[in-house]
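See below for the structure under consideration.
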Amino acid sequence: MIRSPSIVRALKRHLRASSVTYRELAGRRGLSESAVKQMFASGNFSLKRLDRICEVLTLDIAELVDIAAREAPPIDQLDVSLEKELVSDTRLMLVAHCLINHWSVEEILGRYRIDEPGLVRILARLDRMRLIDLLPGNRVRLLVSGSFRWQQDGPIARFFRDQVQEEFLRGSFHGAGALQVFKSGFLTSTGQHQVVDRMSAVGELFDDINRQEQRRPIGDRKGVAMMLVIRNWNFTAFAGLERQRPATEDE
């Protein structure tokens, strides 16, 4: 059964734009007007009935799905409960990560030890979570916006902090395309905020380039991680030698 609210809303709008009433639609499809009203109220359509309605509108189902996707607002963030679901299943989180970075189904199958039936089950879960629309032929339409972000200090952020960050920082930062910068000094709040603004701009640059290159073949791209870190900090061994003094806004 078809239950996507976005598809039903798009179908209603197309009916109105075509000046087709429920009564006229019922008459042309051999249904009662009450049956048509019930279908639209519940949002439950069999594929056969949806296809027959689309015929009246000289529209096919694929076009209707495209219309619904264009009109549906993209997702900026997942609920905490859905992030927890992702964290609970490594393969689910892996596939979500790949799709958000515009990998194709074929590229995921080619890179990872996931068979096609298993991948389809994962895609169906991501469809229920509304991260994607799973289309006929196992095609995928991503539903997240260009400004999609994980919850601040949510399950995904904590997972990367607790399980990924340490592994990332243990690696080497030497060689082409790698850089590690560590600076320490004494700044005013104004100076620290200037650095934070510049760091934010670098993060936005990373996102912009990532979006620009998402349509490039996955074989041309490599996994890249960047971490920009700044906080109030003093070396513990030194801090233990300090005289006690009143805290200031810079601490």
Could you go step by step and tell me if Arg111 and Glu107 meet the salt bridge (charged side-chain N to carboxylate O under 4.0 Å, His left out) rule?
CA-CA 6 Å; Arg111 178 69 67 90; Glu107 287 167 339; over 6 Å; no
Give a yes or no on whether Arg23 atom CZ has more than 12 heavy-atom contacts from other residues, nucleotides or ligands under 6.0 Å away.
no
Residue pairs, two or more places apart or on separate chains, that pass side-chain hydrogen bond (donor to acceptor under 3.5 Å, both in side chains) and touch residues 89-101
Asp89-Arg125, Asn101-Asn210
With the 4.5 Å side-chain cut-off for hydrophobic clustering, are Val56 and Val8 part of the same group?
yes
Do Gln194 and Leu187 have side chains that get closer than 4.5 Å, going by heavy atoms?
no
Among residues at least two apart in sequence or on other chains, which ones pass salt bridge (charged side-chain N to carboxylate O under 4.0 Å, His left out) with Arg121?
none
List the atom pairs, donor and acceptor, that lie under 3.5 Å between side-chain atoms in residues 154-163 and the rest of the protein, sequence neighbours left out.
unit_1, atom_1, unit_2, atom_2, d
Arg158, NH1, Asp153, O, 2.4
Arg161, NH1, Asp153, OD1, 2.9

Sequence neighbours excluded, which residues qualify as salt bridge (charged side-chain N to carboxylate O under 4.0 Å, His left out) partners of Glu213?
none
Quick one: are Leu131 and Leu143 in side-chain contact, heavy atoms under 4.5 Å?
no
Criterion side-chain hydrogen bond (donor to acceptor under 3.5 Å, both in side chains) on Asn232 and Gln192, from CA distance to verdict:
CA-CA 9 Å; Asn232 294 336; Gln192 184 172 350; 3.2 Å; yes
Should Leu99 and Ile108 count as side-chain neighbours, where that means a heavy-atom distance under 4.5 Å?
yes
Would Asp207 and Arg149 pass as an ion pair if we require N to O under 4.0 Å?
yes
Close aromatic pair by centroid cut-off 6.0 Å: Phe182 and Phe173
no
Considering residues at least two apart in sequence or located in another chain, which fulfil the salt bridge (charged side-chain N to carboxylate O under 4.0 Å, His left out) criterion with Glu166?
Arg170
Please evaluate residues Asp51 and Lys48 with respect to the criterion salt bridge (charged side-chain N to carboxylate O under 4.0 Å, His left out), reporting the C-alpha separation (whole Å), side-chain torsions for both, the decisive distance (0.1 Å), and the verdict.
CA-CA 5 Å; Asp51 189 48; Lys48 183 176 180 180; over 6 Å; no
Contact check, side chains of Val95 and Tyr112, non-hydrogen atoms, under 4.5 Å:
no
Mind checking salt bridge (charged side-chain N to carboxylate O under 4.0 Å, His left out) for Arg52 and listing every partner two or more places apart, or none if nothing turns up?
none
Heavy-atom distance under 4.5 Å between the side chains of Phe40 and Leu25, does that happen here?
yes
